[in-house]
Amino acid sequence: MLDKAYDPSATEDRIYKMWEESGAFTADANSPKEPFSISMPPPNATGQLHLGHAVMLALEDIFTRFARMQGKEALWVPGTDHAAIATESVVIKKIQKEEKMKDPRAQLGREEMLKRIAAFVEDSRDTIRGQVRKMGSSCDWSRERYTMEPTLNRCVNEVFVSMYRDGL
């Protein structure tokens with residue numbers, strides 16, 4: 001017998017976990033199949049996703065799943081962006097509101113501010129990861145990226161240097 005009202009918590013988390021654990025979203029780098037990849041434009045780690053993020057996640061998921069159905073080796077790389085200035089601003093406003101500090105940077109000092117920003121970013125990233133999963137997004141979580149990772153930072157710098165040299 002069907003329940004009178006649909007309870008997503010009873011099924012959706014379990015099904016998504018099953019998909020993830022099965023490797024359904026994991027691309028094989030050595031596959032002979034034609035490759036298809038999307039790098040998620042990383043949402044800023046400044047809080048939560050909004051409707052614009054949801055629309056883009058839905059579109060990217062459609063493209064990725066369609067490529068899989070066409071027999072391509074489809075990779076959708078998830079990630080988040082530190083958004084340094086925006087994140088610092090959010091954390092400062094939060095401290096000012098919750099701890100009634102007028103100038104948190106001066107009162108806490110650089111090291112403590114960096115610790116607080118890092119803690120906020122990690123909490124925010126956890127929230128965003130959960131929201132992306134709740135959307136049912138078929139990302140390859142084994143390849144998740146964060147813009148402050150040293151290797152990703154190096155790659156970005158190399159691309160900008162290459163673009164500069166090409167006159168772009």
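Computed from a predicted model, the values in this text were never measured in an experiment. For the single chain, residues carry numbers from 1 onward in sequence order.
Judged purely by atom type and a 3.5 angstrom limit, Arg143 uses its side chain to pair as donor or acceptor with the backbone of Ala27. With Thr127 contributing its side chain and Gln48 its backbone, the two residues share no donor-acceptor pair below 3.5 Å. A donor-acceptor contact shorter than 3.5 Å links the side chain of Thr147 to the backbone of His82. With Asp3 contributing its side chain and Ala5 its backbone, the two residues share no donor-acceptor pair below 3.5 Å. Side-chain N or O atoms of Gln131 include one that pairs as donor or acceptor with a backbone N or O of Leu49 at under 3.5 Å. Of the possible donor and acceptor atoms, one in the side chain of Asp61 sits under 3.5 Å from a partner among the backbone N and O of Ser138. In terms of modelled atom types and a separation under 3.5 Å, the side chain of Ser137 and the main chain of Cys139 share no donor-acceptor contact. Listed for the Ser124 side chain is no donor-acceptor partner under 3.5 Å among the backbone atoms of Phe120.
Within the structure, every pair that satisfies the side chain to side chain donor-acceptor pair (under 3.5 Å) test and touches residues 105-116, not counting sequence neighbours, is listed here: Glu88-Arg105, Glu99-Arg116, Glu112-Arg116. Sorted by first and then second residue, the pairs that involve residues 4-27 and meet ring-ring contact (aromatic ring centres under 6.0 Å, His included), not counting sequence neighbours, are Tyr16-Phe25, Trp19-Phe25.
Of the candidates Asp81, Val121, Val90, Asp81 is the only one forming a side-chain contact (heavy atoms from CB on, under 4.5 Å) with Asn44.
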- Please walk me through it: do Phe66 and Phe36 pass side-chain contact (heavy atoms from CB on, under 4.5 Å)? CA-CA 10 Å; Phe66 184 69; Phe36 173 87; over 6 Å; no
- Task: Would you sort out whether Met40 and Thr80 count as a side-chain contact (heavy atoms from CB on, under 4.5 Å), showing the intermediate values?
- Result: CA-CA 8 Å; Met40 181 184 292; Thr80 48; over 6 Å; no
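There is a path of hydrophobic side-chain contacts, each under 4.5 Å, that joins Val132 to Ile15. In the hydrophobic clustering of ILVMFWY residues, with side-chain heavy atoms under 4.5 Å counting as a link, Leu75 and Phe63 come out apart.
Atoms CG and OG1, from Leu59 and Thr64 in turn, are 10.5 Å apart once rounded to the nearest 0.5 Å. One distance of note links CD1 of Ile128 with NE2 of His53; it measures 7.0 Å at 0.5 Å rounding. The structure places NZ of Lys134 at 7.0 Å from OG of Ser9, a figure rounded to the nearest 0.5 Å. The NZ atom of Lys72 sits 11.5 Å away from atom CE of Met69, with the distance rounded to the nearest 0.5 Å. Atom CG of Asp140 is separated from atom CH2 of Trp76 by 11.5 Å, given to the nearest 0.5 angstrom.
Considering every non-hydrogen atom in both Gly52 and His50, the closest pair reads N-ND1, 3.0 Å. Scanning both residues, Met135 and Ala54, for their nearest heavy atoms gives CE-O, 3.3 Å. Contact between Gln96 and Met101 at its shortest, heavy atoms only, is CG-O, 3.0 Å. Shortest non-hydrogen contact noted between Pro43 and Gly79 is CD-O, 3.2 Å. Nearest heavy-atom pair across Asn30 and Asp28 is N-OD1, 2.9 Å. Nearest heavy-atom pair, Thr26 versus Glu73, reported as atom, atom and distance to 0.1 Å: O-OE2, 4.1 Å.
Side-chain contact between Leu152 and Tyr146: absent, with no pair of heavy atoms (C-beta onward) separated by less than 4.5 Å. The shortest side-chain heavy-atom distance between Ile92 and Met113 falls under the 4.5 Å cut-off.
At most 12 heavy atoms of other shown residues, nucleotides or ligands fall within 6.0 angstrom of atom CD1 in Ile85.
In this structure, Trp141 has no ring-ring contact (aromatic ring centres under 6.0 Å, His included) partners at least two apart in sequence or on a different chain.
A salt bridge is defined here as a Lys NZ or Arg NE, NH1 or NH2 lying under 4.0 Å from an Asp or Glu carboxylate O, and Arg129 with Glu122 meets this definition.
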